[in-house]
Protein chains: 2
Amino acid sequence: MWVGKSRARRVMQLPIESIGWLGFLLFIHELLRIKSMTKYTESPKPALAMRRTTVVVDAIKTWIVENSLAPNDRLPGEKALIEHYGVSKGTIREAMRVLEAQGIIQTKTGPGGGCFVAEQNMNVPLEALGHYFYFHPLTMADVYQLRKLLEPELAASAIPYLDAEDIEQAKSIMRDYSFPAQNRKEWFKQLVRSIDFYDVYVEKCPNVLLSFYCRYLHTMLKELTTVQLQQSDFDDHLRRKGFDNQLLLLEAMRAKDVETTRRLISTHMTFLHQYMEKHAATLDNQFLQVAK
Amino acid sequence: MWVGKSRARRVMQLPIESIGWLGFLLFIHELLRIKSMTKYTESPKPALAMRRTTVVVDAIKTWIVENSLAPNDRLPGEKALIEHYGVSKGTIREAMRVLEAQGIIQTKTGPGGGCFVAEQNMNVPLEALGHYFYFHPLTMADVYQLRKLLEPELAASAIPYLDAEDIEQAKSIMRDYSFPAQNRKEWFKQLVRSIDFYDVYVEKCPNVLLSFYCRYLHTMLKELTTVQLQQSDFDDHLRRKGFDNQLLLLEAMRAKDVETTRRLISTHMTFLHQYMEKHAATLDNQFLQVAK
DNA sequence: GGACATTTGTCCGTATGTATT
DNA sequence: CAATACATACGGACAAATGTC
C-alpha cells in the first residue's frame with residue numbers, strides 16, 4: 001500500500017518498490033481520497049470538519065494494524081510520508097506528535113533514525129487517565145473502594161507466577177521502611193515507598209488489564225497523595241502495621257496460600273482506607289506525571 | 001504569568017495586562033529558560049533531549065493548573081502563544097495537537113474561535129487505553145474476571161442515585177432485543193445493544209473511576225467482540241436469559257435492594273463469561289474507535 | 001444572503017541540530 | 001573530522017472555516 005520510493009532500511013515492508021503504471025494510478029487515487037476526506041467525514045450527523053492531520057493519523061494507525069507492525073518496527077520517514085499522502089511537512093509532523101502523544105510511535109533523530117512503533121509501557125495510558133481525572137477529581141474513598149476489590153484479586157492472580165526473585169525484590173523495597181522515620185519528610189517518603197511493594201506483583205499478574213487498573217491506583221496514590229499531619233508528632237502505627245502485614249503477605253504468597261493472601265490484603269486495605277480518612281489524606285489536583 | 005497582549009475576550013485571566021519593567025524582565029527570563037530547556041532536561045540520567053514542543057506542552061499544562069482553568073475557558077491564540085514562548089508557529093501547533101490528543105484542549109476556527117479547555121468526556125481516555133491494549137491484547141477471560149468484580153459494585157453504588165427516568169431509559173434500550181433475532185447480523189446487533197443497558201447506570205455511579213473502569217470494559221465488548229457462530233442456527237438462549245435477568249435487575253434496583261442486585265449481576269456475569277468462552281467469542285485486535 | 005473580519009489550518013523553502021559512519 | 005541522513009525549528013504566504021454586520 002505504501003508507494004513512495006522510500007529507502008527505509010530494515011523493517012519497512014514495501015510490497016511494491018518500483019511501482020509502475022497501476023501503482024501510480026493507485027497513488028493518485030489514494031491522494032485524491034485523502035484530499036477529499038479533508039472536508040467531511042461520513043458521519044451521519046452534521047458532518048464534522050476533519051483536519052488533514054487527523055486523516056493522516058487515522059491512515060497510519062490503520063496501516064499499522066493492517067501490516068501488524070510490532071514495537072521497534074520502523075515507519076517511513078517524513079519525506080516518504082509527505083510524498084505518499086501528498087500533504088506538507090507540517091501536517092505530517094503534527095500527525096507524528098499526535099501518534100507520539102497516543103503512545104503509538106517514537107521518533108529518533110540522526111541517521112538510522114525516524115519513526116518507530118513505540119516500545120510499549122504504561123506511562124502514556126497512565127498519564128492519559130491522569131488528564132481526564134484532573135477534571136473529574138477523585139477522592140480517597142473512590143480509590144480505596146476499588147483497591148478493596150482489585151488488590152486481593154491481583155495478588156491472588158499473581159501467586160502462581162511469583163518466584164523467589166520477586167519475593168526478594170519485595171523484601172528489598174521493604175527495607176526502606178523497616179525503621180521508624182525521623183521526621184515528617186521521611187515518614188511521608190516511607191509511606192509512598194510502601195506502595196511500590198504492591199507494584200512488584202503487578203508485573204506478574206497475567207491479566208494485563210487488572211494490572212493496569214491497579215497500577216493506576218498506585219500511581220495516583222504515589223504522585224498525588226497529601227497528608228495533613230495535624231498532630232506534631234507523626235506516629236509509627238501505620239508503618240509498623242503495614243510492614244507486618246506485608247511480611248505475612250509475602251509468607252502467604254510464597255506458600256501459594258490464596259485464601260490467606262486475599263484475607264490479608266482485604267483487611268489491610270480496609271485499615272488503610274480508615275487511616276487515610278482519619279488523617280484527612282487527599283489527592284492533589286494536578287496533572288499526573290508518571291515518574292520514569 | 002501570561003504577558004502577551006492578548007485580546008481574548010471572555011475568560012482569559014491575564015493578571016498583568018500592561019506589564020511594564022518587571023514584567024518585561026520576567027518575560028525575557030521565561031523566554032531564555034525555554035530556549036535553554038530545549039537542549040537538556042535536568043534529569044539525573046544521560047540527559048535526554050527535550051523538544052521545544054514538549055516544553056511548551058508542559059508549560060501550558062502547568063499554566064492551566066495554576067490558573068485552575070475549567071472546561072470551555074479560552075486559551076490565548078496561536079499568535080499570542082508564539083510571542084509569549086518565543087517559538088515558531090509550527091512548534092505551537094504541534095503542542096496544540098499534543099494537548100488535543102491528551103484530551104485537554106479543543107480548537108475551533110473562525111471568529112470567536114481559538115483554543116479552549118476541552119469539554120471532558122470519556123472518549124479520549126478510553127481510546128488511550130485502546131492504544132495500549134492493542135499491543136497487549138486482552139482475552140474474554142481477562143475482561144470477565146474484572147466484570148465479575150466491578151459490575152456488582154457499580155450497580156450497588158448507583159442504586160441510591162437512580163430515578164424513574166433511568167429505569168425508563170434502560171427499558172427503552174431493552175426493547176431493541178425484546179424479540180428473537182431473524183438472522184445472524186441482527187443476533188449480533190442485539191448482543192452489542194444489550195451492553196448499553198449497563199451504561200445507563202454507569203452515569204449515575206458517584207465513583208467516577210469505577211464508572212470509567214466499567215465503561216472501558218463495555219466499550220471493548222461493544223467494539224471488539226467477534227463471535228464465531230459455528231452452528232448454522234444461532235440460538236435464542238442468550239438473549240432470553242439476558243433479557244429476563246435485566247428485568248429482574250431493574251426491579252431490584254428500583255426497590256433499592258442492594259443484595260439482590262449484587263447477586264443477580266454476579267451470577268449473570270458468570271453466565272455470560274461461560275457463554276462467551278463456549279462460543280469462542282474473542283476480542284479483535286484493532287485500535288479502539290469510540291463511537292461518538 | 002453577501003461581504004468582511006478573525007482565527008485556525010496547510011504549505012513551502014530554508015536553516016539548524018543530532019547521531020551514525 | 002567530514003559527510004550523510006535523519007528529525008527539529010523557523011517564518012511567512014495562502015486556504016478554509018465561521019461568526020458578524
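Order of the sequence lines fixes the chain letters, A, B, ..., with proteins taken first and strands second; residue numbering starts at 1 for each chain. Bear in mind the structure is a predicted one, so any value in this text is a computation, not a measurement. What you see below is based on every heavy atom in this structure, not just the backbone, and it leaves out hydrogens, waters and symmetry mates.
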Can you tell me if the side-chain N/O atoms of [X] get under 4.0 Å from OP1 or OP2 in [N]?
X      : N      : result
A/R97  : D/dT8  : yes
A/T107 : D/dC6  : no
A/T53  : C/dT10 : yes
A/R93  : D/dT8  : yes
B/R52  : D/dC10 : yes

Counting only Watson-Crick pairs (N1-N3 plus N6-O4 or O6-N4) and G-U wobbles (N1-O2, O6-N3), all under 3.5 Å, who is the partner of C/dG1?
none
Closest to the B/P111 side chain: C/dA5, D/dT8, D/dC10?
C/dA5
By nearest atom, which of the nucleotides C/dC11, D/dA7, D/dA17 is closest to the A/T109 side chain?
D/dA7
Verdict with supporting geometry, B/T62 and A/F287, side-chain contact (heavy atoms from CB on, under 4.5 Å):
CA-CA 8 Å; B/T62 305; A/F287 284 116; over 6 Å; no
Atom [atom1] of [X] to atom [atom2] of [N]: distance rounded to whole Å?
X      : N      : atom1 : atom2 : result
B/Q106 : D/dT18 : CD    : P     : 14 Å
B/K79  : C/dA5  : NZ    : P     : 16 Å
A/L75  : D/dA7  : CG    : C1'   : 14 Å
B/E94  : C/dG9  : CD    : P     : 13 Å
B/K108 : D/dT20 : NZ    : P     : 11 Å
A/R51  : C/dC11 : CZ    : P     : 13 Å
B/E78  : C/dG9  : CD    : P     : 6 Å
B/E83  : D/dG12 : CD    : P     : 12 Å

Which pairs count as salt bridge (charged side-chain N to carboxylate O under 4.0 Å, His left out) when at least one residue sits in residues 96-107 of chain A, sequence neighbours excluded?
A/R97-A/E100, A/R97-B/E94, A/E100-B/R51
Table of protein N/O atoms under 3.5 Å from nucleotides 12-14 of chain C N/O atoms:
unit_1, atom_1, unit_2, atom_2, d
C/dT14, O4, A/K89, NZ, 2.7

Please say whether the positively charged group of A/K204, taken as NZ for Lys or CZ for Arg, lies over the ring of A/Y161, i.e. under 6.0 angstrom from the six-membered ring centre and within 45 degrees of the axis.
no
Is there a donor-acceptor pair closer than 3.5 Å between any side-chain N or O of B/T91 and the backbone N or O of B/V87?
no
Distance-minimising heavy-atom pair for A/N285 and A/P137:
OD1-CG, 4.0 Å
Heavy-atom nearest pair, B/L138 first then B/D142, reads CA-OD2, 3.7 Å
Suppose we screen for ring-ring contact (aromatic ring centres under 6.0 Å, His included). Which residues come up paired with B/Y132, at least two apart in sequence or across chains?
A/F212, B/H136
